[in-house]
Amino acid sequence: MDYFALYNNLQHMRHFIFFIILFLSHYSSLAQSIGQVHECVEMTNIVFRLADIPEYSNVTNSQYIKDIDMYMGKDKSHEIVQFVQKLKETNQKAYEMLPKITACLDISDGTVGFRETVDLNTLQAELVEKGLQSVCSRFVALLNDFYRVSGFKRFFLNHSSFYHNIQCRFNALLAQLGTSWLPSFFEPQFRESIIAVSPSNGPFNYAIPNLPDKKYQAFVIIGNSRFDEFGLPVYDEMELFATVHELMHPYTNSIADVLYPMIQSAVARIYSNTQEAINAAGYYSPEMMFTEWLNNLFTIQSLKSVLNQDSVNFLLRILEGNGFVYMNRSLSFLEHFIANKSDCVAQDVLLTQFAGFINYTADHIAQIQNEIAYKHPYIVDVFPALNSLNDVAGINCIIFSFSVPMRTNAYGYACLQDAYVNNLYPVVKNALWQDAYTFVLEIDSSKLKFGTEYGILLKKDSFQSVYYYTLAEDFIYKIKTRKL
């Protein structure tokens, strides 16, 4: 492939790469971004919940959701509920525009309207192009009516303390990172983003990039599906990853738009080999996969200075499971790229470094997938031996030895579904990790019968290596006792 065919595009992108380098080398200079519970987001999420649309409201186990159902359930017959249901069923283009419209709205003096910073001319032009002017007008009008008749303002104010606690929790997490690098990363294109922390949004996080807004670049929504005993969302490195990931998208997309044509064929080959996992993760085209890969790569690199290596390993394993099996290699490549950035920046062929990496990856994708397969731990030895004959009194414990160091904070075993085998599960009196390689089931031998075959199942997903790779399959253990 002729990497120099897009020389003009490379020239156009040189300032982007300069800011990539600036970002990666000055990451320690950070300032805090603020997440807030956004009134319009909460209200529209409630509308979606009333309309039985889970994409923006899939939360069940929290007192806040119980409050929503109790207080707002009476408004299930409101016209806006039927409106969004009908759009989803009959006009997907209009339905997909609703979150972007919501991202442009604020509530001021009891009226739902467009934020002062929104560029109405740009928004209007997009609506005209898509033929959605009437949909937008109707949606905003119905939101206003819903706001008034549902008493949403009272509901929102009644939960102000709850929202305050959420914001404090989330921003304490975000303070570990800060985002002052974003202006230097993409100056002068940079505009800050709105971060909406939404306890009603469910487990999903998403960004609405390229807002028609004079001040804000994107609208980032961070959901949650885990709550503590006080009913407050639990935030950890996964939410930090999600936030940085979504904040990065408007900018890395710009890089991907120029880089993708150079490696389109190679990306297609990678996609064809990883499509099942990539589709399961919600990405349905080679270009979408590539854009997410690039964004994930810079997100992980940016978090390395604030997360411990164990957390980085955890995130890498999740991304591998989502089909990005070359993420570890990508991170290694990027680290080499950064270490030699002075030489790279001076070259007109800068982006060919990335193109070369993707092409090499495509050529060796089967080898990479085999590498992942070999990373799964396995049981190398069991005592008493599998299917062996033993005296009842001699079976005091079963010792499983693993091929690699394992995470000793988790394990899982279950009854064996075999009509011809008695289950060891009821006679296990304790389970423990003797060390990182050795898992032990202590057996109450007094409950064992003579002349009987016993069995137990070790659950594959409950045993993880220190790098978060699980057993490739469930392990079935059987043993026999000697007849009396």
Should the pair [X] and [Y] be assigned to parallel (<30°), tilted (30 to 60°) or perpendicular (>60°) ring geometry?
{"X": "Phe152", "Y": "Tyr147", "value": "tilted"}
{"X": "His159", "Y": "Tyr64", "value": "perpendicular"}
{"X": "His38", "Y": "Phe219", "value": "perpendicular"}
{"X": "Tyr235", "Y": "Phe170", "value": "perpendicular"}
{"X": "Phe155", "Y": "Tyr71", "value": "tilted"}

If the threshold is 4.0 Å, N to carboxylate O, is there a salt bridge linking [X] and [Y]?
{"X": "Glu79", "Y": "Arg138", "value": "yes"}
{"X": "Glu320", "Y": "Arg317", "value": "yes"}
{"X": "Glu371", "Y": "Arg329", "value": "yes"}

Student check: side-chain heavy atoms of [X] and [Y] closer than 4.5 Å:
{"X": "Trp293", "Y": "Val267", "result": "no"}
{"X": "Leu294", "Y": "Asn253", "result": "no"}
{"X": "Leu458", "Y": "Phe463", "result": "yes"}
{"X": "Tyr284", "Y": "Met289", "result": "no"}
{"X": "Thr291", "Y": "Tyr260", "result": "no"}
{"X": "Val244", "Y": "Thr299", "result": "yes"}
{"X": "Gln133", "Y": "Val128", "result": "yes"}
{"X": "Ile221", "Y": "Glu246", "result": "no"}

Review point. Among Trp433, Tyr469, Tyr411, which residue meets the ring pair (Phe, Tyr, Trp, His ring centres under 6.0 Å) test with Phe402?
Key: Trp433
Shortest non-hydrogen contact from [X] to [Y]?
{"X": "Ile68", "Y": "Ser200", "value": "CD1-CB, 4.2 Å"}
{"X": "Pro233", "Y": "Arg169", "value": "O-NH1, 3.0 Å"}
{"X": "Pro212", "Y": "Lys100", "value": "CD-CE, 3.9 Å"}
{"X": "Leu457", "Y": "Cys415", "value": "CB-O, 4.4 Å"}
{"X": "Cys104", "Y": "Leu211", "value": "SG-CD2, 4.4 Å"}
{"X": "Val440", "Y": "Gln434", "value": "CG2-OE1, 3.8 Å"}

So, [X] side chain and [Y] main chain: donor-acceptor pair closer than 3.5 Å or not?
{"X": "Asn171", "Y": "Gly35", "value": "yes"}
{"X": "Asp145", "Y": "Ala141", "value": "no"}
{"X": "Ser137", "Y": "Ser134", "value": "no"}
{"X": "Asp69", "Y": "Gly73", "value": "no"}
{"X": "His249", "Y": "His245", "value": "no"}
{"X": "Gln36", "Y": "Val197", "value": "no"}
{"X": "Glu292", "Y": "Glu287", "value": "no"}
{"X": "Arg115", "Y": "Ala103", "value": "yes"}
{"X": "Asp119", "Y": "Thr122", "value": "yes"}

Atom [atom1] in [X], atom [atom2] in [Y]: separation rounded to 0.5 Å?
{"X": "Leu50", "Y": "Gln85", "atom1": "CG", "atom2": "CD", "answer": "9.5 Å"}
{"X": "Asn423", "Y": "Gln417", "atom1": "CG", "atom2": "CD", "answer": "7.0 Å"}
{"X": "Leu334", "Y": "Ser332", "atom1": "CG", "atom2": "OG", "answer": "9.5 Å"}
{"X": "Thr102", "Y": "Glu42", "atom1": "OG1", "atom2": "CD", "answer": "11.5 Å"}
{"X": "Leu471", "Y": "Ser462", "atom1": "CG", "atom2": "OG", "answer": "9.0 Å"}
{"X": "Cys40", "Y": "Ile101", "atom1": "SG", "atom2": "CD1", "answer": "12.0 Å"}

Practice item. Walk me through it: do Lys459 and Asp474 pass the test salt bridge (Lys or Arg N to Asp or Glu O under 4.0 Å)? Key: CA-CA 5 Å; Lys459 300 169 71 174; Asp474 293 336; over 6 Å; no
Revision key, fill the gap. Residues passing the side chain to side chain donor-acceptor pair (under 3.5 Å) test with Asp435, sequence neighbours excluded, are Thr438
Indicate whether the side chain of [X] and that of [Y] have a donor and an acceptor atom separated by less than 3.5 Å.
{"X": "Asp75", "Y": "Ser150", "answer": "no"}
{"X": "Thr111", "Y": "Asn144", "answer": "no"}
{"X": "Tyr378", "Y": "Glu473", "answer": "no"}

Determine whether more than 12 heavy atoms belonging to other residues, nucleotides or ligands lie under 6.0 Å from atom [atom1] of [X].
{"X": "Lys74", "atom1": "NZ", "result": "yes"}
{"X": "Phe475", "atom1": "CZ", "result": "yes"}
{"X": "Tyr467", "atom1": "OH", "result": "no"}
{"X": "Gln92", "atom1": "CD", "result": "yes"}
{"X": "Lys86", "atom1": "NZ", "result": "no"}

Quick check, are the ring centers of [X] and [Y] under 6.0 angstrom apart?
{"X": "Tyr425", "Y": "Tyr413", "result": "yes"}
{"X": "Phe354", "Y": "Phe333", "result": "yes"}
{"X": "Phe156", "Y": "Tyr163", "result": "yes"}

Review point. Can you check side chain to side chain contact (heavy atoms under 4.5 Å, CB included) on Ile300 and Leu319, steps first, answer last?
Key: CA-CA 10 Å; Ile300 288 284; Leu319 292 173; 4.0 Å; yes
Practice item. Applying side chain to side chain contact (heavy atoms under 4.5 Å, CB included), run through Val135 and Phe83 and close with a yes or a no. Key: CA-CA 10 Å; Val135 169; Phe83 177 76; 4.2 Å; yes
Check your understanding: Pairs in or reaching into residues 306-315: which pass side chain to side chain donor-acceptor pair (under 3.5 Å), with residues at least two apart or in two chains?
Key -> Asn308-Ser311, Gln309-Asn313, Asp310-Arg407, Asp310-Tyr468
Check your understanding: Yes or no on side chain to side chain contact (heavy atoms under 4.5 Å, CB included) for Met97 and Glu126, after CA distance, side-chain angles and deciding distance?
Key -> CA-CA 10 Å; Met97 188 68 181; Glu126 181 177 358; 3.6 Å; yes
Exercise for review: Begin from the C-alpha positions of His376 and Thr470 and carry the test side chain to side chain contact (heavy atoms under 4.5 Å, CB included) through to its verdict.
Suggested key: CA-CA 6 Å; His376 289 280; Thr470 65; 4.2 Å; yes
